[in-house]
Amino acid sequence: MSSCYGLNLTDVKQGTRHRKPKLSPSAMARKKGRHTSVGSSKGDRDDHGDSRDNQLNPPPSSQPPYPGTEHQVPNPAAMFSVLDYGANGDGVADDTKAFEAAWAAACKVEGSVLIVPAEFEFLVGPISFSGPSCGPNIVFQLDGTILAPADSRSWGSGLLCWIEFTKLQGITIRGSGVIEGRGSIWWTSTESNAHPSDYELSLKLVEIKPTALRFYGSYNVTITGITIQNSPQCHLKFDNCEAVQVFNMTINSPGTSLNTDGIHLQNSRDVMIHHTNMSCGDDCVSIQTGCTNINIHSVDCGPGHGISIGGLGRDNMKACVSNITVRDINVHNTTNGVRIKTWQGGSGSVQSVTFSNIRVSEVQTPIVIDQFYCDRSSCKNQTSAVALSGIAYENIRGTYTVKPVHFACSDASPCSDISITGIELQPLQEQYHMYEPFCWKAFGELYPPTVPPIVCLQSGKPASNRILSDHGMC
């Protein structure tokens with residue numbers, strides 16, 4: 001699907017430029033620096049009880065942008081502030097139309113800068129900042145706070161995303177601002193201790209929970225500096241994008257917020273994610289079909305479900321993933337560390353994956369391959385499977401609370417060319433019952449010593465490694 005809801009803001013007629021509106025008392029107070037009760041500040045985890053060790057947080061990156069993004073130099077003569085297009089910035093009045101008008105103007109100018117100024121809160125409904133007729137290298141300068149609507153009327157019959165950027169060439173989202181999804185309204189239907197008024201409101205909201213920020217069909221995308229927090233579902237999603245750079249940003253939601261992936265990648269290539277802190281209620285990073293040349297490093301993940309490839313192959317679909325590198329990662333207080341998950345009945349392949357220099361702390365199962373993934377009470381047994389090969393685990397160390405390693409590979413298509421080097425995983429508390437490493441139809445090379453010994457990995461290659469049919473090849 002190429003759009004969340006079919007809006008095309010390039011068709012929005014540019015309105016007359018307004019004078020900066022007179023501020024309401026609440027906006028004046030915010031501009032003077034009064035604290036608000038909306039979410040937590042950038043990088044703050046105290047509201048959700050995540051007292052992480054500061055040493056786990058990766059330092060800010062001083063690295064240059066992803067190759068090919070160096071030319072994104074904004075045009076200083078083309079600044080478009082949403083305040084000049086009628087935005088109130090008081091967190092109460094609906095500023096959606098002001099954002100639409102500012103984008104319509106900025107879209108026409110190469111290297112323009114759309115400004116969302118600091119010390120203001122902007123209530124913005126579902127919105128799409130769309131190309132392809134826009135000029136290249138637009139900068140969305142986010143220093144204020146963008147708030148999601150908290151009433152059911154704003155979401156209609158169900159939308160896949162809240163803020164969407166589509167079919168753009170060179171788009172940068174940068175600044176010190178916050179995208180506040182106010183997702184607790186969407187989560188309360190699954191929480192037994194929800195306040196009655198919140199529960200009643202959540203029943204009015206549609207079952208389709210929107211992603212906070214989505215990019216579709218765009219090239220040369222950069223996200224840096226901002227915070228995305230409390231999304232109803234996934235925080236940041238890239239679909240059919242190329243040359244993506246995400247760094248020095250924060251994703252922050254409680255570990256109890258269901259299905260709130262941090263960053264979701266699908267059908268995208270040449271993606272680099274680094275020096276980013278993520279806490280959420282699902283995968284910190286989720287890599288789906290159609291992804292290749294993905295590099296993730298210097299990331300802090302927790303709470304959440306770790307770094308995952310998949311689930312792939314659902315509903316007998318073909319999935320293709322290759323050239324994935326995950327290195328220099330801190331994972332703490334999560335259900336998994338690094339995981340590959342596929343459904344029975346799928347086809348295609350996952351190839352050339354490296355997990356290196358992973359530090360885990362209080363992780364249930366640090367290393368996981370699950371080719372029998374099922375997110376419901378039961379799933380049909382099927383023979384075909386996504387083929388997994390060339391998976392390397394290097395220098396993964398820390399503590400676990402359930403099981404150190406879980407390799408559950410397909411009977412018909414065993415995992416091949418698994419490489420294990422420098423594994424040192426200790427149970428958090430010896431007196432608790434812990435499971436030993438588990439392997440099923442997993443083949444490769446073990447380079448001892450490992451702690452604990454992973455003797456269940458079978459040496460060499462499977463005797464009958466199936467040859468992919470044309471349908472199953474990537």
Side-chain angles (χ1 to χ4, degrees), residues 255-256 258 281-284 286 301-312 326 329-344 350 353-379 381 385-386 388 391-460 462:
T256 55
L258 297 179
D282 211 304
D283 298 327
C284 291
S286 171
C301 168
H305 294 180
I307 310 293
S308 292
I309 298 174
L312 303 173
V326 179
I329 306 293
N330 293 311
V331 185
H332 51 94
N333 306 102
T334 59
T335 56
N336 308 283
V338 290
R339 174 173 57 159
I340 301 174
K341 51 182 178 177
T342 70
W343 296 75
Q344 295 182 74
V350 175
V353 177
T354 298
F355 300 111
S356 177
N357 296 329
I358 313 295
R359 178 184 172 187
V360 298
S361 176
E362 298 186 49
V363 172
Q364 290 182 21
T365 310
I367 299 174
V368 178
I369 292 178
D370 183 5
Q371 293 209 268
F372 301 89
Y373 179 71
C374 179
D375 63 356
R376 57 191 72 145
S377 58
S378 64
C379 292
N381 287 327
V386 177
L388 307 186
I391 317 297
Y393 300 92
E394 305 169 351
N395 301 322
I396 301 178
R397 295 179 166 88
T399 60
Y400 65 93
T401 61
V402 176
K403 184 190 302 183
V405 175
H406 181 87
F407 290 148
C409 298
S410 166
D411 293 82
S413 180
C415 301
S416 64
D417 296 323
I418 295 175
S419 172
I420 298 178
T421 309
I423 305 300
E424 187 175 337
L425 298 170
Q426 302 282 358
L428 183 64
Q429 295 184 356
E430 293 283 358
Q431 66 267 31
Y432 289 171
H433 173 69
M434 299 291 179
Y435 292 93
E436 296 296 324
F438 172 82
C439 307
W440 179 258
K441 300 295 182 180
F443 292 80
E445 296 297 331
L446 176 66
Y447 298 92
T450 64
V451 178
I454 309 174
V455 296
C456 60
L457 181 69
Q458 299 184 61
S459 180

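- Taking CG of Leu388 as the start and CG of Asp417 as the end, the distance is 11.0 Å to the nearest 0.5 Å.
- How far CD1 of Ile340 is from CD1 of Ile307: 12.5 Å, rounded to the nearest 0.5 Å.
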Could you list the donor-acceptor pairs under 3.5 angstrom formed by side chains in residues 438-460, with sequence neighbours left out?
| from | atom 1 | to | atom 2 | distance (Å) |
| --- | --- | --- | --- | --- |
| Trp440 | NE1 | Asp411 | OD2 | 3.3 |
| Thr450 | OG1 | Pro452 | O | 3.0 |
| Thr450 | OG1 | Ile454 | N | 3.4 |

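- The NZ atom of Lys341 lies 9.0 Å from the CG atom of Leu312; values are rounded to the nearest 0.5 Å.
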Side-chain donor-acceptor distances from residues 366-375 under 3.5 Å, at least two apart:
| from | atom 1 | to | atom 2 | distance (Å) |
| --- | --- | --- | --- | --- |
| Asp370 | OD1 | Phe372 | N | 2.9 |
| Asp370 | OD1 | Tyr373 | N | 3.4 |
| Gln371 | OE1 | Ser410 | N | 3.1 |
| Gln371 | NE2 | Thr342 | OG1 | 3.3 |
| Gln371 | NE2 | Val386 | O | 2.6 |

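- When all heavy atoms of Cys284 and Pro303 are compared, the pair lying nearest together is SG-O, 4.3 Å.
- By the 4.5 Å heavy-atom criterion applied to side chains, Met434 and Tyr400 are counted as neighbours.
- Here the closest heavy-atom approach between residue Glu362 and residue Thr399 is recorded as N-OG1, 2.8 Å.
- Across every non-hydrogen atom of Lys403 and Glu436, the tightest pair is CG-O, 3.5 Å.
- For the pair Asp283/Arg339, a side-chain contact is recorded, criterion being any heavy-atom separation below 4.5 Å from C-beta on.
- Cys379 places a side-chain heavy atom less than 4.5 Å from the side chain of Trp343.
- Atom CD of residue Gln364 and atom OG1 of residue Thr401 lie 5.0 Å apart, to the nearest 0.5 angstrom.
- One distance of note links OG1 of Thr335 with CG of Asp282; it measures 8.0 Å at 0.5 Å rounding.
- Note that CD of Glu394 is 11.0 Å distant from CZ of Phe355, once rounded to the nearest 0.5 Å.
- Put simply, the residue from Ile423, Ile358, Asn357 that forms a side-chain contact (heavy atoms from CB on, under 4.5 Å) with Asn395 is Asn357.
- Looking only at distances, no side-chain donor or acceptor of Ser308 sits under 3.5 Å from a matching main-chain atom of Gly310.
- Not one N or O on the side chain of Thr334 forms a donor-acceptor pair closer than 3.5 Å with the backbone of Val363.
- Tyr393 has its side chain within reach of Val338: a pair of non-hydrogen atoms, C-beta onward, lies under 4.5 Å apart.
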